2 protein chains.
Amino acid sequence: MLEKSHKHITCSTCVGRKNSLLGSLCNEEMEHVNAHKACNYYKKHQSLFLEGSFPRGVFCINEGMVKIFQRGDEGKEQIIHIAKSGEMVGFRSMFSETPYRVAAETLEESNICFISKDDFLNMMDSNPVLRNGIIKELSKELSDRADFITNMAQKSVRERLAFTMIILLEIYEKEPINLSREDLANFVGTATETLIRLLKDFKEEGIIEVHTRKISVLNKEKLFAIAGK
Amino acid sequence: MLEKSHKHITCSTCVGRKNSLLGSLCNEEMEHVNAHKACNYYKKHQSLFLEGSFPRGVFCINEGMVKIFQRGDEGKEQIIHIAKSGEMVGFRSMFSETPYRVAAETLEESNICFISKDDFLNMMDSNPVLRNGIIKELSKELSDRADFITNMAQKSVRERLAFTMIILLEIYEKEPINLSREDLANFVGTATETLIRLLKDFKEEGIIEVHTRKISVLNKEKLFAIAGK
DNA sequence: TTTGAAATATGATGAAGGTCATTTTTTCAA
DNA sequence: TTGAAAAAATGACCTTCATCATATTTCAAA
């Protein structure tokens, strides 16, 4: 149930928390976060932060989806990651004490809480499990991005689309993939027209089914085969 | 001076240490590392670790250069990073407790020390400055890789070559860039033939000067202009 | 110094995919 | 419900770059 007002969202009942980096907090810590955080309802296409701005804390997604992207020289977006319920965004640049080099924007209406930099860093100092979880997460993402780079460099758009759809399948779980063609193209790293043509191919090959903008995967195995491994 | 035997390299006299993540160690910690680490001389093109193997510790480059790369489906390498004196490699996967998804290999003869996982993790537990340095480094690399992805997705090979040469300029400092055409192509993410043709263009445009395999940059500004920002 | 292998270089060719123009469909607010 | 704007789809065209073939140069070992 999406809370459309600015009402407070209680950490202890947050659906995403159990699988999140904050799952390790003790009751006392959680209560502290709960008392100090700010909760916000975001409409579709609202910005969390912009490239170039300075991090003031971390965003914790209660419900909804957020794209993390960079704008290239000609203004075209490259989506780096799509974050969903339970994930935290905005803490990577916070550690390096540099301006954001990526931007974040909701893909759908979302409830997102904000924990201040000080509160978060204090918790990290005092909670080794949280700390190690963060380090692990950063390391995992580094590996993911290495894969991303290699895919970009060596795979065809068709292969990358298949790979991207597998990732989106995990993000959207049972739901059909619900992204604009442009966002999907910007995730795959191609032109919108090319993406649309490839979606048509996939449709004709019986790999996917499309209802207006929503895409359902019918044949996951074929996707794996195309993506290569 | 490159130590060509397996002689011990003393941390306190290590040229790279002052700028390294281990710069924050106190004397006691440094002595402990010094007493427990293993030092090795590597020939050119020797492997530090392979994709799929399990991390047992971190490699600390005293002298030399190491390429970090992934092998794509057709066996073609994609170079993700080139590490030099003072840098540590191999700790990213160590934190995530997963097999390496990248491989590391020397680009030239090198002296590289090895610190065991336990020793390193213990230090991280007890030294907050080291810990924060690591987190900061991981975050910085995440940003760099986001740039890398966006470049791959949106820039032409010519633009990427210029960008890559700027990075290499920082790595090689005053020295001419000394990489095989194949490695350079695998860093830029293109075919070796295409890379060679572009180098010829750069040469004709007076941007670089080439002596056999060594490349000197004559006009850094032009490189920046081509790379775009 | 010679010789063979590896690295570098060049040429020819074609496919992948980007761009621009235009049409069709969907969405959303009035 | 309708009309306008945004999104999606299609077509035509052309540039970039990968691939394959082959030539030339460099390097190291005999």
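Chain A is the first sequence line, chain B the second, and so forth, proteins listed ahead of strands; every chain is numbered from 1. What you see is a predicted model, and the numbers here were worked out from it, not measured in a lab.
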Atom CG of A/Leu199 and atom C1' of C/dT25 are separated, to the nearest Å, by 16 Å

A/Ile196 atom CD1 is separated from C/dT26 atom P, nearest whole Å, by 13 Å

To the nearest angstrom, the CD1-P distance between B/Ile177 and C/dT8 comes to 14 Å

Does atom CD of B/Glu182 have more than 12 heavy-atom neighbours, drawn from other residues, nucleotides or ligands, at distances under 6.0 Å? no

Side-chain touch B/Val217/B/Met165, heavy atoms, less than 4.5 angstrom: yes

Whole-Å distance, A/Lys44 NZ to D/dA6 P, equals 15 Å

Is there a salt bridge (Lys or Arg N to Asp or Glu O under 4.0 Å) between B/Glu77 and B/Arg71? Walk through the geometry before answering. CA-CA 4 Å; B/Glu77 292 180 5; B/Arg71 228 176 272 279; 3.5 Å; yes

Only one of B/Glu173, B/Glu63, B/Glu175 passes salt bridge (charged side-chain N to carboxylate O under 4.0 Å, His left out) with B/Lys84, and that residue is B/Glu173

**Item:** Any side-chain heavy-atom pair of A/Val66 and A/Glu105 under 4.5 Å
**Value:** no

Between A/Thr194 and A/Val157 the two heavy atoms that sit nearest each other are CG2-CG1, 4.2 Å

When rounded to whole Å, the NZ to C1' distance for the pair A/Lys214 and C/dT26 reads 14 Å

Rounded to whole Å, the CZ-P distance (A/Arg181 to C/dT26) equals 11 Å

A/Asp183 atom CG is separated from D/dA7 atom P, nearest whole Å, by 10 Å

Which of A/Lys67, A/Lys76, A/Arg181 passes side-chain hydrogen bond (donor to acceptor under 3.5 Å, both in side chains) with A/Asn186? It is A/Lys76

Hey, do the aromatic rings of B/Phe91 and B/Phe59 have their centres closer than 6.0 Å?
no

Let me see the working for A/His81 and A/Glu141 under side chain to side chain donor-acceptor pair (under 3.5 Å), right down to the final yes or no. CA-CA 10 Å; A/His81 180 69; A/Glu141 287 179 20; 5.5 Å; no

Axis-to-axis angle for the helix from C/dT1-D/dA30 to C/dA30-D/dT1, ends of five pairs each, to 10°, equals 50°

Whether each nucleotide of nucleotides 13-22 of chain D has a protein heavy atom under 4.0 Å at its base (B), only at its sugar-phosphate (S) or at neither (-) is summarised, 5' to 3', as ----SBBB--

From CG of A/Leu179 across to C1' of C/dT26 the rounded distance in Å is 17 Å

